[in-house]
Structures are given as C-alpha cells and as structure tokens.
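Each remark here refers to the structure printed beneath this line.
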Amino acid sequence: MAKNLLIVESPAKAKTIEGYLGKDFLVKSSYGHIRDLVKTDDAIDVENNFEQKYEVPSDKKAVVSELKKLAKDAETVWLASDEDREGEAISWHLYETLSLKDDKTKRIVFHEITKPAIMRAIDEPRKIDYNLVNAQQARRVLDRLVGFELSPVLWKKVKPSLSAGRVQSVAVRLIVEREREINKFAAEASYKIVAQFLTGKGKEQFKAELPQRFDQKSDAETFLRDCIQAAFAVNSLEKKPAKRSPAAPFTTSTLQQEASRKLGFSVARTMQVAQRLYEAGRITYMRTDSVNLSDTAIQEAQQEIVNAYGEKYHKLRRYKTKSAGAQEAHEAIRPTYFSQHTIEGDHAERRLYELIWKRAIASQMSEAEFEKTTAKISVSTRREELVATGEVMRFDGFLKVYMESTDEESDNTNEQSGENALLPPLEKDQSLILKAMNATERFSRPPARYTEASLVKKLEELGIGRPSTYAPTISTIQNRGYVVKEDRDGRERRYTVLQIADDKVVEEIKTEMTGAERSKMFPTDIGVLVNDFLVEHFNDIIDYHFTAKVEKEFDEIAHGGKEWTTMLKDFYGPFHQGIQDTLEHADRASHERHLGTDPATGKPVSVRVGRFGPLVQIGSADDEEKPRFASLRKGQMIETITFEEAMDLFKLPKKVGLFEDKEMTVAIGRFGPYIRHASAFYSLPKGMDPMDVTEEDAIQIIQEKRQKDKEKVIRVFEENPDAQIENGRWGPFIRFGKQNVKIPKGTDVDKITYEDVLKWAEADPKGKAKAAAKTATAKKATTKKTTKKTSTAKSKK
DNA sequence: CAGTGAGCGAGCTTCCGCTTGACTT
C-alpha cells in the first residue's frame, strides 16, 4: 500500500505527476469538484447564515468512494488541487467528504507541471486556506441565488424554462445592445482619392492616397479637376525603422479567437480538439487564463529556436496577464515538447497543434524589423499632399513562424489599401507622371457583430466567466434561444466613382454587397424580450460591472478582510426585495408592436412573440372574424420589421398553377424560397424573387431538378429498386431505402453486387441507427409537440 | 422546408465552475 496519496483535479495531470514522484506516491484525480449544492430550492438557508446543503452527485459517487478507501489506507493525503479559489474549495470538499484527519493531510500547490515545481511544492506543504474557501462559497452561493431566483421570475413573466444568470444574461445583453447599435447606425459617405503614378525614368508604377477624405462629391470632383493639368513631385521622403513583436502564448480565450479566425472552429470545437491533444500529452492544460511559461519551457523553446533558426531569432520574453480577474493556476497553453513541430492525429488535431506550437515558439522569438518609407507628393494646383507608403521587411524574426490575425474583415468591398506595398526608388523633388486618379465613395462601417470567439474576448475583458465556462456559456445562450449563430445575406449598395479620363472627370455608378455576415451572433426576439425585462427590473445584476464589483469583494474575503456572510447579506437583502417587487408589480413582458392598419380590411396589424416564435397578426382576437397570422422570417425582428415587410409575409405561400394535376405552391422555408409540389420540395434558383414565379417557371424548375436527380443515379439494382448507387457530394454512395450506405475505400463501383449492398448495410451500425433514429425522432417530435402544446396552454392561465 | 397561434389542468424548468466519460442524435 502506498504511503502517500496525492489528489489532483485532472486524470491526465495525475498520470504525468505519478511519473515524477515514484513508488511512494499514488496519484489520483478528483475529476474536478466532487460535491455541489443540492439541486432543490432548499440548498441555501438564507435565514440561517446562508448555510448550504451539499451532495455528491451520482456521477461522482464512484470517484469519491475510491478516494475514500485509498485515503484511509494512506499515511499522508496530499491535496494538490489548483492554486485558485475553486481549487481550494475542491481541497476542502475532499477534506470533508473523505473525512480526512488534520495531522494526516497536507495541502500543496503548484502552477506548472514540472518535476522541480512539484518537488518544491512537496517541500512546502500548508493547511487549507479557509478564507479562500469562504470566497468560493460566497461565489457559489451568490450564483445560485441569482440564477434560481431570477429564472422563476422569467417563467412567470415571460415564458417557462427560461434562464438568467450573472454570466449568461450579460452575454446576451452584449449581443442585444450591439445589434441595436448596428440598427441605429447611419453610414456616412465620403470620397477617398487614390492616384497611380509613374516615375519619370524607369516608368515604375506606384500608388498614393490623399490622407483626408471629401464629404461632398463636388469637392472630390474639384480636386480631380484641379489635378488634370497639375504637376506632381516628391516633396519629402522619409525612411523610418519599425518593429513588430510577437503575441503572448495562448490562453483559453486567445486560442478560441485564433482557432476561430484561422481554422474556422467554433469555441466548442476548439475545446474538444484541445482536450484530445491534452489527453494525448501533446499540450499543457487548455483551460487557463495565464500567459506564463515555465522556466523549463522557456529553455526548451530557446533550444528549439536556436537549433531550427539560429541564435539571432531568439529572444527570451516573459509575459504578464492583462485580463481582469485572472487566477493563473496553470501555465499558458503550449506544446509539451517544443521539438515536436507537428504531430500525428486527425486533421483538426494537427492543425490546432500547429497553431499552438507556432504561437508558443514565436512568443520566444525576436521582433520583426521593417523599414517604412513615406513619400509626400505635392500637387502644383492644390495645397494638399498625396502620400505613398511602402514597407520593406529587413528581418523576419518571429514572422518566420507565426502571424497573428485580426478581426478586421479584409473582404470588405473595393478597399485597395496601399499599405505594405513596395515603393520604387524615389528621390526628393523628383517629378512624377500621373497615370490615373479616382475618387471612390466609401462608407463608414457600423460596429462589428460578435462571433462566438469575439464574444468570449469581450467577456474576458469584463472579467465575466472563466476559461472552463466560456464554451458552455456560448452554448447555453444559443440553446435557450436567446441568440442564434447564423449567416445572413447582405444587400446591394450603390456607390459613385469619379475618374480622370481624357482630361475630363467622368462619373460612374457601381454596386457592391454590404452587410453580409457569416457565422455571427444575432439576438432573437425572445432574447431581446428577456434582456429588456431584466434590464428594466434588475439592471444592477445585469450590469457589465456587476461581476467585477463582486469579484472585488470575493478578493477581500479571500484575504481575510471581509466576512463572507456579511457580503452575501448586503447583497441578498435588496436583491430579494427586487425579486418580490417584480413578481408582484411587473407586467407580463410583451413586445407587441402595432404597425398600422391593413388597407384591405381596415384591421390592425401587429407583431409579437407567439408560442411558436415571433409573428404578425392582422385583426384582433375579440373580433368575430379570426385573425390571420404569419411567422417572421430569418433576419426579421419585432423591433425592426416595417409595415410593408410585415404585409409581404401574407403574400406567401402562393399557388402558382397546376402540374401533373397537382397544385404548385411557392413559399419560403428555413432554407430559403421553394416550390412545393405533391410531397416534394424544390428550391428556387438563387436570385429569383418568389413573388414573380410563374406557372412556367415552376414547371421548369421541377423538371430540371428531376433531371438532375436522375443524372445522379449511377445504377439501380435489379433485385431491389430501392437500392441504387448515386453520385453524392463526396463521391458515390449507396441509397438503400432510408439508409445511406458507405462504399468501402478502394471498391470498384462497377463491380458492386446486391449482396455487397446487403452486407455493407448490415455492417454499418451507425447508418442503421441513423435511419432508425430518423423515423423515431420524427415520431417523437410530433408527440412531444402535442404534449407541449397542452402543457404550455395550461400554464398560461 | 408547411401548417400552427391566448382558453383549464400537474409539475417541471433554472445558476456558475471544476472535471471527464458514457451515451446516442
């Protein structure tokens, strides 16, 4: 029996540490927290100093009983959970739950998993820090009180099953408020002047811009006209060295941002893949707020950089965390072995590892050095100067391995930036030949919508949430239906371009797409409704700075300067009063908006949130005639929909004619406009207005789709016409009734027999399960719907 | 991928932070 039992939070960590400590130590993991508040409303006794009822959740029972047994037999139990508030609480819960003895228990901490760090920790054991534990209790109790008192208010005043909390509600608020900023944003147009010059001798070309812009088209036109007969010369020439430094190694939040920008990963996917890399021993812990690297890591990175790129590429750097509320219990995210530039694994694992490796290596490399040249060009007829800039890299430094990307979209419109371009050799007073000049109308841009990752960044800046909760929070607000992540089409916008041609200024109108979004976070109507309700009645809790405020108090508790129950009492009194007042006095939340009167019937037109989502209604319930309803479409919201848009919703579905004795109907569904005929759906070609579809169009679309489907079929099996080989998006596959059967790699498609099909179909449990699930869920969904229908109806009262 | 759309009912929903599996969808 081992003399020492050492308990950490993560099993992967346990494995590593066991290797460092040898036979006398048995290293086990608690798998995070082992106890939590009971899930019922009596978990906290607010009358009695916020006394808590804890329980070991069922999925932790096995871990706890194993640890209990091992602890009983061990001479010394070492509690080595993380060095932060939560970690201290885990140690305390272990101490209590395992019934440990004070003289047999030692608390140790380390914030990097290296042998020297662990040996040092073992030499310096301490006791459980009850101030820190109390700070965690205050945090836990406050979150429970807020979540479990706010949510029921929403059930009563908005709709059942909704949720609110210190973190999620602020996340939703950020998105709602950003959407409103975008809605009220009015783009301002201005004219940007860009010129192309030729040098006199070599006839080399380069570009220059006017730094200032013209608000008025007439001013831009005048400028261009003045330039027609003007002489141009290099007025001044300046060369300046410039440097760029690498970014710090990854934290959870920065990893999520870069993986989103460079690899297109959702934050959940990034964390899944990182978890696999961590478990395989490829990277250090992936839930961290620290940018710190251990001394051994810094040395290994140095060795690797010097070996691979040479001494002058190395620069030792230590980074400091900037973000609020960082607890730094771990290292930054880095490769376990810097010598491994790449790894084995699936595509996602290899790419994420590479990103982590590059970022960590680059963080220990030299600055990149540039020479920036700025040439100012005089215009004989004007006082303004045009400016040409060029940048030459003198030394690549860290850019040899890593370039951080930004959130700025580069694909936006006709922006032709002259930055980073090379300039031909120029001399002061050299005269230049104007080759072309134009003034392009440009528009100011609204604030950017959040992506999952940029929302995480914002939350981190506000100190809201922790590395372990960023991804779950993003999921929660989507699962609750408060926000959606989706693509939205942009709209066309016209802009004016003025140009010098044949000594005249000519004008041209062009169009561009603007406002198109990919994978962005949009609030839903229910998200807006809940947010506005919370802001109205609980503004102090939903305030961006609420977390920062309470964190400060948790810190005071942790340092022994404040009693945790006092802090909670001060908070809970007014909070609970607010809950009661709201329950008693607040109206049911509704965002009903009256849009106007239907000219055809004279009935009122309004929008509101219905049981199945936002809808438009013509007529009222107490009218004799039943009101007419229509659902809002993707991108439409109660707050912003216009009367005309609302009335348009009643124009579809529209019957467009007959085909094969059956009606054809045009409508708009979740995937865009389509024609419904018999029981089949046919998408409209992109760009076709569903209102304009004629009978002939519809027939043609149906026939074309049928033809295309026919072309996809390679072979139908004689034995069973429900079995056929088709060309799919990723190559040939077998359609076998409802089941899609994969063709094994390397099979000659022409030689597949019906026996093969039966065999493969049988051997593909996933495909079978999927086919079965398809029918099962279809059934379930319908039954669920009907039960839900009655249930919500009941609770309405 | 549509259509639907308040009404009486019983009892349920819900927080944030630590950690991984054991399961299907």
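Numbers restart at 1 for each chain; the letters A, B, ... are given by sequence-line order, proteins then strands.
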Side chain of [X], heavy atoms from C-beta onward: which of [options] has the nearest atom to it?
X: F148(A); options: dC1(B), dG17(B), dC15(B); answer: dC15(B)
X: S163(A); options: dT14(B), dG17(B), dT20(B); answer: dT14(B)
X: R139(A); options: dC15(B), dT13(B), dC16(B); answer: dC16(B)
X: R144(A); options: dT20(B), dA2(B), dC15(B); answer: dC15(B)
X: R166(A); options: dC16(B), dT13(B), dA2(B); answer: dC16(B)
X: P11(A); options: dG5(B), dT20(B), dC18(B); answer: dT20(B)
X: D82(A); options: dA2(B), dT19(B), dT20(B); answer: dT19(B)
X: S631(A); options: dT4(B), dT19(B), dC16(B); answer: dT4(B)
X: P152(A); options: dG21(B), dC18(B), dT14(B); answer: dT14(B)

Mind calculating the distance between [atom1] ([X]) and [atom2] ([N]) to the nearest angstrom?
X: Q168(A); N: dG17(B); atom1: CD; atom2: P; answer: 11 Å
X: Y278(A); N: dC18(B); atom1: OH; atom2: C1'; answer: 12 Å
X: L649(A); N: dA2(B); atom1: CG; atom2: P; answer: 13 Å
X: M271(A); N: dT20(B); atom1: CE; atom2: C1'; answer: 13 Å
X: R276(A); N: dT20(B); atom1: CZ; atom2: C1'; answer: 14 Å
X: I526(A); N: dT14(B); atom1: CD1; atom2: C1'; answer: 15 Å

Is R628(A) close enough to dG3(B) that one of its side-chain N or O atoms is under 4.0 Å from OP1 or OP2 there?
no
Geometric cation-pi criterion, [X] with [Y]: 6.0 Å, 45°:
X: R139(A); Y: W564(A); value: no
X: R144(A); Y: F148(A); value: yes
X: R173(A); Y: Y544(A); value: yes

Using a 4.0 Å heavy-atom cut-off across all strands, classify [X] as base, sugar-phosphate, or nothing.
X: S10(A); value: sugar-phosphate
X: L162(A); value: sugar-phosphate
X: Y682(A); value: nothing
X: G465(A); value: sugar-phosphate
X: P627(A); value: nothing
X: V146(A); value: nothing
X: Q275(A); value: sugar-phosphate
X: Y285(A); value: sugar-phosphate

Would you say whether Y674(A) stacks on dC1(B)? The test is a distance between ring centres of less than 5.5 Å and an angle between planes of less than 30°.
no
Can you tell me if Y31(A) is stacked onto the base of dT20(B), using a 5.5 Å centroid cut-off and an angle below 30°?
no
Kindly indicate whether the side chain of R287(A), heavy atoms from C-beta on, has any atom under 4.5 Å from the side chain of R466(A).
no
Which residues pass the ring pair (Phe, Tyr, Trp, His ring centres under 6.0 Å) test with Y54(A), not counting sequence neighbours?
H93(A)
Distance-only donor-acceptor test (3.5 Å): side chain R287(A), base dC18(B):
no
Between F571(A) and F575(A), how do the two ring planes meet: parallel, tilted or perpendicular, split at 30° and 60°?
parallel
